[in-house]
Amino acid sequence: MYNPDEECRAMVAMLKRICEQRGMSPRTVAIRAGISTSTMSYIVKGKTNPQVYTVLQLCNALGVQIGDLFERGDGVSEAVEYVTSEEKELVDCYRCLSDRKKELLRIYVDMLRQYDEKLPANK
């Protein structure tokens with residue numbers, strides 16, 4: 001069964017990791033989530049356990065699924081960056097394309113990469 005205290009600590013650790021990957025401070029996430037910065041501070045410091053509604057707001061602010069906050073590191077998932085809901089939508093759209101359209105999209109992406117490489121370093 002679940003150990004709620006342990007699960008919350010693991011969830012907060014994952015929350016911090018995702019914030020770091022996104023380059024977002026807990027304060028920024030709190031503002032985007034519509035929760036007080038003091039609530040976020042208490043959550044991050046482990047002084048309080050968030051309610052489900054708050055966790056869902058944090059997920060929306062970070063662009064992750066709720067399950068992402070409860071994933072346990074198995075040696076592989078720690079190296080994988082989290083996919084935003086927008087990125088997931090793009091992957092889902094890609095999967096629905098015909099083989100020909102997938103090939104055209106690959107060509108287009110390659111062209112974008114080449115264009116990006118030709119831009120000056122200070123963009």
Side-chain angles (χ1 to χ4, degrees):
M1 293 305 298
Y2 294 108
N3 177 332
D5 292 327
E6 184 181 312
E7 294 295 328
C8 275
R9 279 192 296 275
M11 186 266 308
V12 169
M14 186 64 76
L15 177 69
K16 290 178 186 178
R17 189 176 310 144
I18 294 170
C19 285
E20 288 173 17
Q21 287 180 345
R22 298 272 193 268
M24 297 171 67
S25 69
R27 182 180 189 284
T28 301
V29 174
I31 292 168
R32 284 189 180 182
I35 65 172
S36 72
T37 55
S38 60
T39 297
M40 185 65 165
S41 177
Y42 283 135
I43 292 169
V44 170
K45 292 178 182 176
K47 293 183 178 184
T48 189
N49 293 323
Q51 299 211 1
V52 173
Y53 187 84
T54 303
V55 173
L56 293 171
Q57 289 174 291
L58 293 171
C59 288
N60 286 341
L62 290 166
V64 299
Q65 300 292 316
I66 192 166
D68 295 335
L69 292 180
F70 294 94
E71 259 185 36
R72 291 298 174 102
D74 57 3
V76 176
S77 61
E78 291 181 20
V80 177
E81 287 199 29
Y82 290 89
V83 177
T84 66
S85 54
E86 182 180 0
E87 291 166 334
K88 184 182 179 318
E89 184 180 341
L90 288 171
V91 170
D92 291 341
C93 288
Y94 175 82
R95 289 179 178 158
C96 294
L97 295 176
S98 67
D99 289 342
R100 176 69 181 137
K101 288 182 180 179
K102 287 178 183 178
E103 181 58 28
L104 290 171
L105 184 57
R106 282 187 211 104
I107 292 168
Y108 181 69
V109 169
D110 286 341
M111 289 170 53
L112 287 174
R113 285 185 184 136
Q114 289 173 7
Y115 174 77
D116 213 26
E117 290 170 1
K118 292 179 183 179
L119 291 177
N122 58 1
K123 298 179 186 178

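For clarity, every value in this text was computed on a predicted model and none was experimentally measured. Hydrogens, waters and symmetry mates play no part in the numbers below; they use all other heavy atoms, side chains included.
In this structure, Thr54 OG1 and Asn49 CG are separated by 11.0 Å, a value rounded to the nearest 0.5 Å. Taking CG of Leu62 as the start and CE of Met24 as the end, the distance is 5.5 Å to the nearest 0.5 Å. Of the inter-residue distances, the one linking Arg17 atom CZ with Leu69 atom CG reads 11.0 Å to the nearest 0.5 angstrom. Rounded to the nearest 0.5 Å, atoms CG (Leu56) and CD1 (Ile66) are 4.5 Å apart. Between Glu103 atom CD and Ser98 atom OG the span is 10.5 Å, to the nearest 0.5 Å. The CD atom of Glu87 lies 7.5 Å from the CG atom of Leu90; values are rounded to the nearest 0.5 Å.
Both Val52 and Ile43 belong to a single network of hydrophobic side chains, linked directly or stepwise wherever heavy atoms of I, L, V, M, F, W or Y lie under 4.5 Å apart. Under a hydrophobic clustering in which Ile, Leu, Val, Met, Phe, Trp and Tyr are joined whenever their side-chain heavy atoms come within less than 4.5 Å, directly or via other members, Leu58 and Tyr53 fall into different clusters. In the hydrophobic clustering of this structure, Leu97 groups with Val109; members are Ile, Leu, Val, Met, Phe, Trp, Tyr whose side-chain heavy atoms approach within less than 4.5 Å, directly or through other members.
Summarising the geometry of Pro50 relative to Met11, their closest heavy-atom pair is CG-CE, 3.5 Å, with the distance given to 0.1 Å.
More than 12 heavy-atom neighbours from other residues, nucleotides or ligands sit within 6.0 angstrom of NZ on Lys102. At most 12 heavy atoms of other shown residues, nucleotides or ligands fall within 6.0 angstrom of atom CD in Glu89. Residue-environment remark: CZ (Arg27) stays at or below the threshold of 12 foreign heavy atoms within 6.0 Å. Heavy atoms of other residues, nucleotides or ligands lying less than 6.0 angstrom from OH of Tyr42 number 12 at most.
Formation of a donor-acceptor pair under 3.5 Å by the Asn60 side chain with backbone atoms of Gln57 is not found in this model. Although no hydrogens or angles enter the test, the distance criterion places no donor-acceptor pair under 3.5 Å between the side chain of Arg9 and the main chain of Gly46.
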For residues 29-40, please give each side-chain donor-acceptor pair under 3.5 Å, one per line with the distance, not counting sequence neighbours.
| unit_1 | atom_1 | unit_2 | atom_2 | d |
| --- | --- | --- | --- | --- |
| Ser36 | OG | Ser38 | OG | 3.2 |
| Ser36 | OG | Thr39 | N | 3.0 |
| Ser36 | OG | Thr39 | OG1 | 2.7 |

Worksheet item: side chain to side chain contact (heavy atoms under 4.5 Å, CB included) between Phe70 and Met14: does it pass, once the steps are laid out?
Response: CA-CA 7 Å; Phe70 294 94; Met14 186 64 76; over 6 Å; no
Discussion item. Val55 vs Gln51, test: side chain to side chain contact (heavy atoms under 4.5 Å, CB included). Steps then yes/no.
Written reply: CA-CA 6 Å; Val55 173; Gln51 299 211 1; over 6 Å; no
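The only member of Leu15, Val64, Ile18 that meets side-chain contact (heavy atoms from CB on, under 4.5 Å) when paired with Cys59 is Val64.
A donor and an acceptor atom, one from each side chain of Arg113 and Tyr108, are nowhere located under 3.5 Å apart.
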